[in-house]
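We number each residue from 1, following the sequence as shown. We use all heavy atoms of the structure for the numbers below, so side chains are in, but hydrogens, waters and symmetry mates are not. It should be emphasised that the depicted structure is a prediction, and the values quoted were computed from it without experimental measurement.
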Amino acid sequence: MAPSFDDSSSLFNFVVRDGNGVKGIVDLGLSKVPQAYMQPPKERIDKQNASKHEQPPIDLSRLGGPDHDEVVKEIVRAAETLGFFQVVNHGVPVELLESLKDTAHNFFSLPPERKAIYLTEVSPTPLVKYGTSFVPEKERALEWKDYISMQYTSDAEALEHWPIECREVALEYLRTSIGMVSKLLEVLMGNLGVKPEDSKIDALFDKKMINMNFYPTCPNPDLTVGVGRHSDMGTLTVLLQDGIGGLYVKIEDDIDFGKKGEWIEIPPIPGALVINVGDMLQILSNGKYKSAEHRVRTTSTKSRVSIPIFTIPKPTEKIAPLPQVVEKDGIALYREFVLADYMNNFFGNAHDGKKSLDFAKINSA
């Protein structure tokens with residue numbers, strides 16, 4: 001039954017509980033955004049006054065040649081300042097990236113009942129979750145986004161349990177990206193004094209998850225957000241964005257191309273992948289690397305997709321600043337914790353900037 005857009009309870013049930021998602025209400029025909037999706041003014045994204053990130057992408061093919069040291073410096077500098085950078089010649093075939101975008105659009109255009117079988121309460125597998133927004137029950141305003149999340153344990157389990165409509169292309173994306181993640185972590189951890197052969201590097205991306213995010217066209221993009229302000233909780237995120245754009249990152253400290261507190265757009269570059277630092281890398285580096293606070297704008301012209309791979313240590317892993325970094329700094333900024341506890345805190349609260357890090361901060365008030 002169609003919901004009343006003015007009745008928040010009816011709308012919530014239709015979108016969240018019944019699994020129709022934001023796409024479900026858009027398909028009913030919307031001339032204006034329902035109240036439940038209207039963000040408070042301070043959370044809205046001012047597209048007009050945001051500058052664009054003009055830094056060229058980092059060419060990863062140069063890591064193996066005479067420019068190796070220069071490329072290492074570029075990666076480290078990006079991780080220490082913005083926490084976001086783009087890479088090309090990353091080893092993931094461009095045709096695969098195009099196929100991924102098409103597959104995501106095709107998945108979200110399936111009938112609602114086909115997607116709703118993966119709602120948390122009924123999903124036939126704990127590896128796959130379909131939903132909308134982030135933590136709808138706890139949000140003051142809902143995010144204008146639907147998603148399917150696929151957790152990786154093994155190729156065999158992915159091929160058995162992930163949705164048939166996207167399993168093969170998603171698995172290939174994961175397979176071809178992991179070598180790049182390993183290289184980047186070797187560079188970033190090496191800069192902190194961890195040797196490439198150290199098993200700690202592999203432990204940092206033991207758990208992997210792929211999401212396909214769908215941002216339907218929105219009648220009032222200025223009033224909504226696709227994803228609210230947050231940092232990713234894992235180690236490194238690999239993100240494929242389509243050509244529409246709408247990804248914004250907050251500048252944490254004054255840098256060459258922006259001032260502290262400003263939001264900067266990461267424009268899509270054909271064939272490039274976006275890399276961003278997660279909370280775990282900020283903690284391990286004792287704050288040297290910055291997990292990037294970011295958010296996503298909606299658009300009125302065309303539905304948008306993005307496909308992130310999240311790499312995370314295993315939930316039983318103990319996380320704390322690296323001893324060699326603490327020794328140099330003279331003080332640890334974060335306490336030791338078990339990752340599962342951090343995850344419970346992260347996924348149990350609505351997006352709120354980098355507040356997730358307070359869980360691990362020493363003497364956080």
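If you check the side chains of His351 and Glu143, you find a donor sitting under 3.5 Å from an acceptor. Remark: the Asn191 side chain and the Tyr289 side chain contain an N/O donor-acceptor pair separated by less than 3.5 Å. Residues Lys207 and Tyr152 bring no donor and acceptor atom of their side chains to less than 3.5 Å of each other. Side chains of Thr299 and Thr301: a donor on one and an acceptor on the other come within 3.5 Å.
The ring pair (Phe, Tyr, Trp, His ring centres under 6.0 Å) check on Tyr37 picks up Trp144, with sequence neighbours excluded. Not counting sequence neighbours, the partners of Glu165 by the side chain to side chain donor-acceptor pair (under 3.5 Å) test are Arg114. For Phe108, the ring pair (Phe, Tyr, Trp, His ring centres under 6.0 Å) partners are Phe214, not counting sequence neighbours. With sequence neighbours left out, the salt bridge (Lys or Arg N to Asp or Glu O under 4.0 Å) criterion links Arg62 to Asp67, Glu74.
Within a 6.0 Å radius of CZ in Arg175, other residues, nucleotides and ligands contribute more than 12 heavy atoms. The number of heavy atoms from other shown groups lying within 6.0 Å of CD (Glu327) does not exceed 12.
For residues 302-314, every residue pair satisfying the side-chain hydrogen bond (donor to acceptor under 3.5 Å, both in side chains) rule, not counting sequence neighbours, is listed here: Asn213-Ser306, Gln241-Arg304.
With ring centers used as reference points, His294 lies 6.0 Å or more from Tyr248.
In this structure, Asp206 contributes its side chain and Asp202 its backbone to no donor-acceptor pair below 3.5 Å.
In this structure the side chain of Ile307 never reaches within 4.5 angstrom of the side chain of Asn211, judged on heavy atoms. Contact of the Met38 side chain with the Gln35 side chain is registered, since non-hydrogen atoms from C-beta on lie closer than 4.5 Å.
The distance from atom NE2 of His90 to atom CD1 of Ile58, rounded to the nearest 0.5 Å, is 12.5 Å.
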Report, one line per pair, each donor and acceptor closer than 3.5 Å where one atom sits in a side chain of residues 267-282; sequence neighbours left out.
{"from": "Asn276", "atom 1": "ND2", "to": "Asp232", "atom 2": "OD2", "distance (Å)": "3.2"}
{"from": "Asp279", "atom 1": "OD1", "to": "Ser231", "atom 2": "OG", "distance (Å)": "2.8"}
{"from": "Asp279", "atom 1": "OD1", "to": "Ser291", "atom 2": "OG", "distance (Å)": "2.9"}
{"from": "Asp279", "atom 1": "OD2", "to": "Tyr342", "atom 2": "OH", "distance (Å)": "2.7"}
{"from": "Asp279", "atom 1": "OD2", "to": "Ser356", "atom 2": "OG", "distance (Å)": "2.9"}
{"from": "Gln282", "atom 1": "OE1", "to": "Ser291", "atom 2": "N", "distance (Å)": "2.8"}
{"from": "Gln282", "atom 1": "OE1", "to": "Ser291", "atom 2": "OG", "distance (Å)": "3.2"}
{"from": "Gln282", "atom 1": "OE1", "to": "Lys354", "atom 2": "NZ", "distance (Å)": "2.8"}
{"from": "Gln282", "atom 1": "NE2", "to": "Tyr334", "atom 2": "OH", "distance (Å)": "3.0"}

